[in-house]
Every structure is written in C-alpha cells, then in structure tokens.
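Worksheet for the structure shown next.
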Amino acid sequence: MKELIPLIKSPIQNIEEALFLEKGISVDILREDLNHLTIQGNKLRKLHYNLLNAQKKGNKTILTFGGAFSNHIAAVAAAGKEYGFKTIGLIRGEESLPLNSTLEKCVEDGMELHYIDRTTYRIKHTQDFKDYLRNRFGVFYLIPEGGTNYYAINGCMEIIEDYKEYNFICCPIGTGGTVAGITIANNQNSTILGFSALKGGEFLTKDISDHIQSVTNDQELTKDLMTSFELNTDFHFGGYAKFTEDLLIFVRNFYTKHGIKWDTIYNGKMAYGVYELIKSGFFPKNSSILLVHTGGIQGVKGIEERNNIKIYED
Ligand SMILES: *Cc1c(COP(=O)(O)O)cnc(C)c1O
C-alpha cells in the first residue's frame, strides 16, 4: 500500500483587493483544494487516519454513505482506487440513469453502488441496520456519512498545523468535523469563524462542541477551545446546495480576478460571507484572515447538471 500522506503541501495564496487596503486587513487562502492529485480538500484529511486505521485492522473493504453528489462518496471511491481498498457506496434515494458525473467517476474508480430509500437512510446508524449490512456485505470498515468521526477530526487538525498566526481562520461547515479539528489544533491562537452551508444550522455549535469533546475527552478543555469558535449562519443562501444569482456572480468574479474557483455548496458561501463581514467592518484594522479552501470542486459539475446552468466557462 502506498504511503497515505498528502502528496502536495497546500500553498498559501495572498489575495489583493482595494477593499482590503481600505479596511487595513490582509487575506490569505489556504489552498487545501490542491492538497492531493485525486482526492482533494478536507475529505482527504478526513479519510487519512481512517484509511490507516482500516489498513491496520486488516480491512480490505470500506463502506460508506452519501448523497448522489457527495464529495465524501467521491473521495472514498478515489481513495479506494489509489490505496487498494474495495469500496461500497450506499447512496441516498433512487438510482437515476444515466449516472451523474460524481457517481460515474465513483464507478470508474471501482466503487460498488447501492441505493437506499430515504426512510431506511434515516435509520442507517442503528445497530439493526448495521447488522443487516454486515450480513449482506461481510466484513467492512464503516465510515459515516460526510466522513466525520474521531479519526477524521484528527486528520483535520493537520490542516492548519503551520498556520496558527492568523487573527481569524474561516472555514465552511457541513457536519462541523473539519472546523472542530481546526479549533482543536489552533489552541485558541485565533478566532475560528465557521460558516454554515445549511439553513437552520444553529444546532452546529453543539455538534462541534461534541466533536471536539470526542477528541479532547475533557469538558473543561472543550469549553475553553469553544470560546475561540464562532458560528455564522447568515450565508446559507436558502439551504444546502442552494444558491442565488448573487452567489454565482460572486464566485465567477472571484475566479476571473484571482484564478481560484470556489464550489457553491460550501466555499463560495464562506468566501461571500467573509467579504460581507469585511465590508461591514466586522474585522478590526490590521487583522490577518485565513480562508481555508476545503476543495469540493468535483461537485461543481453536479450543481451545473442539476440546475442546467454553467457556473464556470472552463
Ligand atoms: C464536506 C465538505 C465540507 C464540510 O466539512 P465538515 O467537516 O462536514 O464540516 C466543507 N467543504 C467541502 C468542500 C466539503 O466537501
């Protein structure tokens, strides 16, 4: 088996804007979207120690769950191909043919796909369902939907290992595993700003605290670490995977100006939010701000297919 470290150290890219000069702040982007050739972004970080653990336990098969456009499903399939695991993806909902670009790539990467109806999908974490899966698929290493577990959070701690000097670190949130890892590793050096990609994401503070607690195993430390974390729920653009014309214009302009693509599910919303906060004077003068680009570019095609639009021309 190949070594499981990211092939490429994620570069830091400074962004220049008249707005930043005017407000006296600096903005850098941590290009985690470039951290690996085939499995990119935070999903690689989340898989890293899971793959090592599966390998250590002698598991040859990885089974996981996700929606039909999931970055996590795509990452597990790519990792299976890259590192020699058989992969099984249990996809929420009905099969729809032809396969969308995400699932087509998963099949190309050797993933076995099965579909589970939405009612069953909701009970996927119960012991009964796990027993059923073990009967049906035999021995496997289970990774939850979205990839967040103890090992994933440990992997995400490494994202900001070398970047703790910023005043603010900004990151998009789905399950909160990524931002939990960042908050732990940052050890209260910065303010960690998490932007919910979901509507009604107020519950995430509790989830993130629970994620942190799963690693620290110390309530007082968890509480201390959480004082550096701030949840922002203002930039969900209508809900998960939803978007507005404004958001599209923002990500397109950003790409034209700076040559960096944001996905519209997670990073585009975070970056849009950061720009709005900058305009409103949220960040004190002389603040240094780091945006963690968590990847997700594979999902752009899926959004385009589903909505019959083109986000980027190339
Ligand atoms: C999954 C994902 C997230 C959310 O990560 P969580 O750890 O679930 O909060 C953010 N950005 C991208 C690109 C993702 O694929």
Side-chain angles (χ1 to χ4, degrees), residues 10 29-36 38-50 64-79 92 102 105-106 143-160 169-185 192-198 201 203-212 214-215 229-233 235-237 239-241 243 247 251 260-274 291-303 311:
S10 310
I29 298 179
L30 176 58
R31 301 291 308 273
E32 281 281 295
D33 56 320
L34 303 176
N35 64 2
H36 194 282
T38 54
I39 320 154
Q40 56 149 246
N42 67 337
K43 295 304 184 282
L44 170 70
R45 301 291 191 167
K46 293 172 100 170
L47 283 176
H48 181 189
Y49 289 108
N50 275 298
T64 194
F65 303 92
F69 295 92
S70 158
N71 293 328
H72 166 66
I73 288 283
V76 170
R92 181 183 62 232
T102 297
K105 176 71 168 46
C106 287
I143 301 182
E145 177 181 37
T148 293
N149 60 13
Y150 172 83
Y151 294 102
I153 297 164
N154 274 274
C156 289
M157 288 171 65
E158 294 174 358
I159 293 174
I160 56 141
I169 297 176
C170 305
C171 179
I173 302 178
T175 64
T178 304
V179 89
I182 289 175
T183 303
I184 297 167
I192 314 295
L193 281 184
F195 292 81
S196 172
L198 334 159
F203 68 91
L204 285 164
T205 303
K206 166 82 168 61
D207 281 12
I208 290 160
S209 174
D210 290 347
H211 293 323
I212 292 177
S214 78
V215 173
F229 173 76
E230 266 180 49
L231 177 69
N232 185 304
T233 55
F235 301 99
H236 56 71
F237 294 86
Y240 184 74
F243 57 87
L247 180 62
V251 298
I260 299 172
K261 286 182 181 174
W262 302 116
D263 75 296
T264 56
I265 298 182
Y266 295 105
N267 288 287
K269 294 180 180 182
M270 179 254 313
Y272 188 110
V274 170
L291 275 60
V292 179
H293 190 321
T294 51
I297 298 303
Q298 78 82 28
V300 169
K301 250 185 166 171
I303 289 282
I311 298 177

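In each ligand, atom 1 is the first atom listed, and ligand 1 is the first ligand listed. Residue numbers start at 1 and run along the sequence shown.
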Self-check item: Any side-chain donor near an acceptor of the partner, His211 and Thr148, under 3.5 Å
Solution: no

Quiz item: Picking from Leu231, Val292, Ile173, what satisfies side-chain contact (heavy atoms from CB on, under 4.5 Å) with Val179?
Solution: Ile173

Exercise. Please name all residues satisfying salt bridge (Lys or Arg N to Asp or Glu O under 4.0 Å) with Lys105, sequence neighbours left out, ordered by chain then number.
Key: Asp109

Quiz item: Between Asn35 and Gln40, do the side chains contain an N or O donor and an N or O acceptor separated by less than 3.5 Å?
Solution: no

Provide, line by line, the atom pairs where ligand 1 and the protein bring an N/O atom each to a distance under 3.5 Å; else say none.
| from | atom 1 | to | atom 2 | distance (Å) |
| --- | --- | --- | --- | --- |
| ligand 1 | 5 (O) | Asn42 | ND2 | 3.0 |
| ligand 1 | 5 (O) | Thr178 | OG1 | 3.4 |
| ligand 1 | 7 (O) | Lys46 | NZ | 2.6 |
| ligand 1 | 7 (O) | Gly177 | N | 3.3 |
| ligand 1 | 7 (O) | Thr178 | N | 2.8 |
| ligand 1 | 7 (O) | Thr178 | OG1 | 2.6 |
| ligand 1 | 8 (O) | Lys46 | NZ | 3.1 |
| ligand 1 | 8 (O) | Thr175 | N | 2.8 |
| ligand 1 | 8 (O) | Thr175 | OG1 | 2.7 |
| ligand 1 | 9 (O) | Gly174 | N | 2.8 |
| ligand 1 | 9 (O) | Thr175 | N | 3.2 |
| ligand 1 | 9 (O) | Gly176 | N | 2.8 |
| ligand 1 | 11 (N) | Thr294 | OG1 | 2.6 |
| ligand 1 | 15 (O) | Lys43 | NZ | 2.7 |
| ligand 1 | 15 (O) | Asn71 | ND2 | 2.7 |

Quiz item: Side chains of Glu32 and Ser10: donor-acceptor distance under 3.5 Å anywhere?
Solution: yes

Quiz item: Does a donor on one side chain and an acceptor on the other come within less than 3.5 Å for Thr175 and Asp207?
Solution: no

